[in-house]
Amino acid sequence: GVALTLFLGEHHQNRRFPPSRFLIAHQNRLVGAFCTTSEGDKRTVYLSNYREPWYSPLVPDTTDPTQGSRFPLQGPGAGEVTGLASHGTSIAVFTFDAAWLLTTSDQLLDYTLHRFSNHGCVAHRTIASVKDLLLWASSDGIYMAREGEGVQRISDDIKTAYQGISAADLAKAHAYVWDDKYFFVWPSGCRVYDLRYGQWSRLTNFTWRVAAVTALGQAVERVYGAQASAARVFRLETGATDNEVAVVALWESHDFDAGMPGREKRLVYVNAHWRVASGTATLRLYKGTGTTPIQTATQNLATVEETGGTVAVMRQRCAEQARSDRFRIALEYSGTAATYELLQTEAQFAPVT
C-alpha cells in the first residue's frame with residue numbers, strides 16, 4: 001500500500017503540461033489555459049514547475065516550493081479562458097465576462113486566485129501590462145485597471161468608433177504600448193490612448209495588421225509592423241510615413257457643454273499647446289452635432305514665444321458664429337517629426353444672455 005501511494009504521488013507531480021491555446025512565461029514558470037484535449041479543460045489555469053515548463057502537477061506536493069499547480073475558475077463569469085498576461089507578481093486571467101488575478105510568490109502555498117473585474121476580454125492580443133496599469137479590450141469598450149484605484153472604462157471618447165467594429169474584427173484586434181501610449185489596432189483602424197494625459201488620438205492610413213515593440217539593445221524602443229499581404233516586417237516611424245503614405249495623427253475632444261447643458265454659449269478663444277516639432281498642425285472647431293467645421297486655423301509647431309522655448313502655443317480667437325449649446329475640437333497633424341506630442345487644449349466661453 002505504501003509503495004502504491006508513493007507511485008501515484010510521483011505520477012501526479014510529474015503530469016505533463018497540458019496543450020494550451022494561451023501560453024505565457026511568468027517568474028520562470030510556464031502558464032497556460034484553454035486546453036481542448038482530455039488532459040485538461042478550457043476553464044483551468046495551468047502553472048508549471050519552477051524552471052520545468054514541461055510539468056504541471058495534478059496533485060502537487062505543497063511542501064515543495066518549486067511545484068506548479070492547476071487553478072480552475074469558479075463563480076460568476078467563470079467561463080472559457082480568453083486571455084492571459086503576466087502583470088507584476090500576478091497573472092491576469094480573462095474570460096469573456098470577467099477577470100481574475102492569480103497572485104504568486106516563491107511558495108506554492110501563497111498562490112491565490114480572486115476576481116477583480118466583471119468586464120472580460122474579447123481579444124487576448126489587446127492585453128497590455130505597463131508600469132502599474134493593466135489594459136484590455138472588452139465587448140463594450142477598453143478598460144484599464146490600477147491597483148488601489150479599481151477598474152475604469154477609458155474608451156468613452158471613442159465610443160462611436162468602438163461600437164462600429166464588427167465582432168469578427170474585434171477578435172482580430174491587437175495592441176502594444178510605445179512611448180507611454182496604448183496603440184489599439186484592428187483590421188480597419190487604429191486609436192491611440194496617451195497614458196500620461198488620458199487623451200485619445202487616431203492614426204489614419206494604418207495598414208498594419210500585426211505590430212510589436214522591441215528595444216533590440218537600444219535606448220529607444222522601436223515599433224515593427226507586418227501586413228497581411230506582404231511577407232516582410234517594416235520598422236514604423238510614428239509621425240512619418242506608413243507604407244509610403246503620410247500618417248495623420250488626429251485628436252478629437254468629446255462633445256462638451258462647458259458645464260452648462262442645454263444653454264447657449266459663445267466660444268471666445270480656443271487654445272492648444274504642443275511640444276516643439278516640425279510641420280504644421282490644423283485646428284477645426286465644430287458646434288452642435290455638425291460635421292462641417294465652423295472655423296479652421298493652423299499653427300507652425302516650430303514657432304515658440306520665447307527664445308529657447310520648448311512649447312508651441314496657439315491662441316485662436318473664435319468666429320462670431322461659434323454659438324451653440326455644445327462644441328467639439330479636432331487637432332490634426334500630418335508632418336514628419338520624429339516626436340509629435342499634443343500637451344493641452346482649452347476653450348474659453350461666455351454665456352449668451
Side-chain angles (χ1 to χ4, degrees), residues 126 128 130-138 140-146 149 151-165 173 175-186 189-206 211 213 221 223 236 238-239 242 247-259 267 269-277 279-286 293 296-299 301 310-316 326-335 337-349:
T126 64
V130 53
K131 298 180 180 178
D132 60 341
L133 302 175
L134 184 67
L135 301 99
W136 69 95
S138 187
D140 63 339
I142 297 174
Y143 286 84
M144 181 174 70
R146 171 181 274 146
E149 297 184 10
V151 177
Q152 62 173 317
R153 187 170 60 196
I154 61 173
S155 59
D156 287 351
D157 284 346
I158 59 168
K159 180 179 179 180
T160 300
Y162 197 88
Q163 291 179 339
I165 305 174
Y176 60 91
V177 174
W178 183 73
D179 191 29
D180 281 338
K181 297 178 179 65
Y182 177 77
F183 289 75
F184 174 72
V185 184
W186 69 97
C190 174
R191 295 292 188 275
V192 184
Y193 184 73
D194 193 310
L195 299 173
R196 290 168 293 186
Y197 303 109
Q199 295 180 335
W200 283 98
S201 58
R202 181 172 69 195
L203 292 181
T204 62
N205 299 317
F206 198 95
V213 176
E221 291 182 318
V223 183
L236 308 184
T238 302
D242 176 356
V247 174
V248 177
L250 176 65
W251 175 84
E252 289 186 355
S253 73
H254 59 279
D255 292 330
F256 60 90
D257 55 22
L267 284 194
Y269 280 97
V270 176
N271 304 328
H273 305 253
W274 294 266
R275 177 190 291 185
V276 168
T280 300
T282 301
L283 178 144
R284 293 184 176 87
L285 178 64
Y286 302 84
T296 300
T298 60
Q299 173 69 30
L301 299 189
T310 60
V311 178
V313 181
M314 170 190 284
R315 293 186 176 90
Q316 180 64 41
R326 57 184 56 240
F327 303 89
R328 187 174 80 259
I329 300 171
L331 292 164
E332 181 179 299
Y333 174 77
S334 58
T339 300
Y340 167 73
E341 186 172 334
L342 173 64
L343 300 175
Q344 178 181 335
T345 60
E346 56 191 15
Q348 301 175 22
F349 72 98

*Asks:* Answer yes or no: is there a donor N or O on one side and an acceptor on the other, between the side chain of Ser253 and the main chain of Ile329, under 3.5 Å?
*Replies:*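 Yes; judged by distance alone, with no hydrogens or angles, the pair exists.
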
*Asks:* Should the ring pair Trp136 and Tyr143 be called parallel, tilted or perpendicular, given that the plane angle runs from 0 to 90° and is split at 30 and 60?
*Replies:*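 Rings of Trp136 and Tyr143: parallel, as their planes differ by under 30°.
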
*Asks:* Would you name the heavy atoms of Ala281 and Leu301 that are closest together and state the gap between them?
*Replies:*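 Looks like CB-CD2, 3.9 Å.
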
*Asks:* On a heavy-atom basis, which atom in Gly141 and which in Ser155 lie closest, and how many Å separate them?
*Replies:*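 Smallest interatomic distance, heavy atoms only, reads CA-OG, 3.3 Å.
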
*Asks:* Could you tell me the separation between the CG atom of Leu250 and the OH atom of Tyr333, rounded to the nearest 0.5 Å?
*Replies:*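 Answer for the CG-OH pair, Leu250 versus Tyr333, is 14.0 Å.
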
*Asks:* Please tabulate, one pair per line, all N/O donor-acceptor pairs under 3.5 Å involving side-chain atoms of residues 193-202, not counting sequence neighbours.
*Replies:*
unit_1	atom_1	unit_2	atom_2	d
Asp194	OD1	Arg196	N	2.9
Asp194	OD1	Tyr197	N	3.2
Tyr197	OH	Glu341	OE2	3.3
Trp200	NE1	Ile154	O	2.6

*Asks:* Between Thr282 and Thr296, is there a side-chain heavy-atom distance shorter than 4.5 Å?
*Replies:*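 The answer is yes, as the side chains (C-beta and beyond) meet within the 4.5 Å cut-off.
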
*Asks:* With side-chain contact (heavy atoms from CB on, under 4.5 Å) as the test, pick out the partner of His273 among Val311, Leu342, Thr345.
*Replies:*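 Testing His273 for a side-chain contact (heavy atoms from CB on, under 4.5 Å) against Val311, Leu342, Thr345 leaves exactly one candidate, Val311.
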
*Asks:* Less than 3.5 Å apart, any donor N or O on the side chain of Trp274 or Tyr340 sitting next to an acceptor on the other?
*Replies:*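 Indeed, the side chains of Trp274 and Tyr340 share at least one donor-acceptor pair under 3.5 Å.
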
*Asks:* So how far is it from Thr204 OG1 to Glu332 CD, rounded to the nearest 0.5 Å?
*Replies:*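 Interatomic distance, Thr204 OG1 to Glu332 CD, rounded to 0.5 Å: 7.5 Å.
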
*Asks:* Checking Val192 against Phe206 for the side chain to side chain contact (heavy atoms under 4.5 Å, CB included) test, could you report, in this order, the C-alpha distance in whole Å, the side-chain angles of both residues, the deciding distance, and whether it holds?
*Replies:* CA-CA 12 Å; Val192 184; Phe206 198 95; over 6 Å; no

*Asks:* From the options Asp255, Asp257, Asp157, select the one residue that forms a salt bridge (charged side-chain N to carboxylate O under 4.0 Å, His left out) with Arg328.
*Replies:*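 Going through the options one by one, the only one that passes is Asp255.
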
*Asks:* Rounded to the nearest 0.5 Å, what separates atom CD1 in Ile165 from atom CD1 in Ile158?
*Replies:*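 Between atom CD1 of Ile165 and atom CD1 of Ile158 there are 7.0 Å.
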
*Asks:* Under the side-chain hydrogen bond (donor to acceptor under 3.5 Å, both in side chains) test, which residues partner Asn271, sequence neighbours left out?
*Replies:*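 By the side-chain hydrogen bond (donor to acceptor under 3.5 Å, both in side chains) rule, Asn271 matches Glu346.
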
*Asks:* Minimum heavy-atom separation for Leu267 to Ala347, with atom names?
*Replies:*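 Result for this residue pair: CD2-CB, 4.1 Å.
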
*Asks:* Not counting sequence neighbours, which residues clear side-chain hydrogen bond (donor to acceptor under 3.5 Å, both in side chains) with Tyr162? List them please.
*Replies:*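 Tyr162: no side-chain hydrogen bond (donor to acceptor under 3.5 Å, both in side chains) contacts found.
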
*Asks:* Are the side chains of Ile142 and Tyr182 in touch, meaning some heavy atoms are under 4.5 Å apart?
*Replies:*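 When only atoms from C-beta onward are counted, Tyr182 and Ile142 do touch, with a gap below 4.5 Å.
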
